[in-house]
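Worksheet: one structure, shown below.
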Amino acid sequence: MTYGRITNCPLTIAEIATRVADDTSGAIAVFDGRVRNHDHGREVTSLEYSAHPAAERIVQEVAEDIRERFGLCGVAIVHRVGHLNIGETALAAAVSSPHREAAFAALAELVDEVKKQVPVWKKQYYSDGTYEWSNCA
């Protein structure tokens, strides 16, 4: 099973982990990428993510590639867009595998590849009233 999406809805790790659970899995590894209150020594108050129209297709392709390369039972990854507050989940991912080693390695590769390949832009708001755009997941 492979699931890759872009959404403006709040994310939960439990929901993502459920998408990859099955009886062949001995391990489920999850990643909860959250909005933090600081970046490079500056206080962050919130973020806003925007995505290219092709972003969801690319997320799905990355998820499928990782599933095949690592021989996983399942992969699920969802990137949130829109306005996010401190502590909210921006990127939720889960992989399931018969063994933990593959799950851990695949999860790290999945997150890295999404950050490299998916056209998502972040507008980061700072406590001094300024903001900054960057291209990252």
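FYI, side chains are in, hydrogens and waters are out, and symmetry mates aren't considered; it's all heavy atoms of this structure.
- Across A92 and I16, no two heavy atoms sit closer than the pair CB-CG1, 3.6 Å.
- To the nearest 0.5 Å, atom CG of residue N8 and atom CG of residue L84 are 10.0 Å apart.
- The distance from the OG atom of S134 to the NZ atom of K123 is 12.0 Å, given to the nearest 0.5 Å.
- A salt bridge links R69 with D65: the closest approach of a Lys/Arg side-chain nitrogen to an acidic carboxylate oxygen falls below 4.0 angstrom.
- Taken from CG in D32 to OG1 in T89, the straight-line distance is 3.5 Å, to the nearest 0.5 Å.
- No more than 12 heavy atoms of other residues, nucleotides or ligands shown are found within 6.0 angstrom of OH on Y131.
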Could you pull out every donor-acceptor pair under 3.5 Å between side chains of residues 99-107 and any protein atom, sequence neighbours left out?
none

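- When every heavy atom of R80 is checked against every heavy atom of Y49, the shortest pair comes out as O-CB, 3.5 Å.
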Side chain to side chain contact (heavy atoms under 4.5 Å, CB included) between V44 and Y126, intermediate numbers included:
CA-CA 4 Å; V44 174; Y126 298 104; 3.9 Å; yes
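- For the side-chain contact (heavy atoms from CB on, under 4.5 Å) criterion with S97, the lone passing option out of I28, L72, T24 is L72.
- Remark: E88 CD to L47 CG distance equals 9.5 Å, nearest 0.5 Å.
- If you take NE2 on H52 and CH2 on W121, they are separated by 5.5 Å, rounding to the nearest 0.5 Å.
- D39 contributes no side-chain N or O that, together with a main-chain N or O of R42, makes up a donor-acceptor pair within less than 3.5 Å.
- Side-chain contact, Q60 with E64: a donor N or O sits under 3.5 Å from an acceptor N or O.
- I86 has its side chain out of reach of T45: every pair of non-hydrogen atoms, C-beta onward, lies at least 4.5 Å apart.
- Rounding to the nearest 0.5 angstrom, the gap separating the CZ atom in R5 from the CG atom in L11 is 13.0 Å.
- Side-chain contact between K115 and V111 is present, with heavy atoms from C-beta onward closer than 4.5 Å.
- Remark: the backbone N or O of V20 is paired with a side-chain donor or acceptor of S96 at under 3.5 angstrom.
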